[in-house]
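Inspection log for the structure reproduced underneath, given as structure tokens.
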Amino acid sequence: DAKTTQPNSMESNEEEPVHLPCNHSTISGTDYIHWYRQLPSQGPEYVIHGLTSNVNNRMASLAIAEDRKSSTLILHRATLRDAAVYYCILRDGGNTPLVFGKGTRLSVIA
Amino acid sequence: DAMVIQNPRYQVTQFGKPVTLSCSQTLNHNVMYWYQQKSSQAPKLLFHYYDKDFNNEADTPDNFQSRRPNTSFCFLDIRSPGLGDAAMYLCATSRDQLAEGGQFFGPGTRLTVL
């Protein structure tokens, strides 16, 4: 499986934007970039995914570098409910379940 | 609302006593997954079913088995739980196996082994 590298932890102030980085220098042409998050005492939940172009949805934005070797999950206004572990995961275009790395633990300060 | 349901949310068993964890889904998804998540660690895939086809991860211990009697239900059987099997067990589903599709997770069952 292609590997991802994320910071262990990040901190943000409430109401401010958060940029969560992910490096994936060995990404292949068919790998999709997925982001999931896991709130305390809950199962992971889907946030966003993309292949080459930047993506936006109601939860977040995903900015993908032109060479696809890195990406950034953007939370436009962090709230206390966004405190969670955020996982950046590469999935091949074929038959592959999610394989989780260590993720980034995001703390949000009021 | 369509969802992934896990029962019970908390399960206590004794060392060596078989235990079964349950998962059901109302999403009519073809694929169901079981993950193990130990404290402060990332979820680790144990196995998954694509329809009735069972796919075991290479490093999943033989102590862990699974059954999927129909589309809606999937069970995780731990034949002889050890202290090291105490963890959160997460069930997930997806419509198919393609990367475009997201995985939907249940709330998990926290297993305690005494």
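Residue numbers start from 1 in every chain, and the chains themselves are labelled A, B, ... in the order their sequence lines are given, proteins ahead of strands.
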Inset, instruction - Just give me the residue among B:Pro107, B:Pro43, B:Ala42 that pairs up with chain A most often, heavy atom to heavy atom, under 4.5 Å. - result: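 Of B:Pro107, B:Pro43, B:Ala42, B:Pro43 has the most heavy-atom pairs under 4.5 Å with chain A.
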
Inset, instruction - Using a 4.5 Å cut-off on heavy atoms from C-beta on, say whether the side chain of B:Gln37 contacts that of A:Phe100. - result: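 They are not in contact (no side-chain heavy atoms under 4.5 Å apart), so the answer is no.
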
Using the rule that two of Ile, Leu, Val, Met, Phe, Trp, Tyr join whenever any of their side-chain heavy atoms come within less than 4.5 Å, decide whether [X] and [Y] are in one cluster.
X        : Y       : result
A:Met10  : A:Tyr86 : yes
B:Tyr50  : B:Phe47 : no
B:Leu114 : B:Ile78 : no
A:Val55  : A:Leu75 : yes

Take atom [atom1] of [X] as the centre, draw a 6.0 Å sphere, and report whether it contains more than 12 heavy atoms from other residues, nucleotides or ligands.
X        : atom1 : answer
A:Arg77  : CZ    : no
B:Lys44  : NZ    : yes
B:Asn70  : CG    : yes
B:Asp59  : CG    : yes
A:Arg105 : CZ    : no

Looking only at non-hydrogen atoms, find the nearest pair between [X] and [Y] and report the distance.
X       : Y       : answer
B:Tyr35 : A:Leu98 : OH-O, 2.8 Å
B:Leu90 : A:Gly43 : CD2-CA, 3.8 Å
A:Arg91 : B:Tyr33 : NH2-OH, 4.3 Å
B:Arg9  : A:Ser41 : NH2-O, 3.9 Å

Inset, instruction - Any chance you could lay out the side-chain contact (heavy atoms from CB on, under 4.5 Å) test for A:Gln38 and B:Phe105, step after step, and finish with the verdict? - result: CA-CA 10 Å; A:Gln38 188 171 21; B:Phe105 285 81; over 6 Å; no

Legend entry - Contacts of residues 13-21 of chain B with chain A (heavy atom under 4.5 Å): none

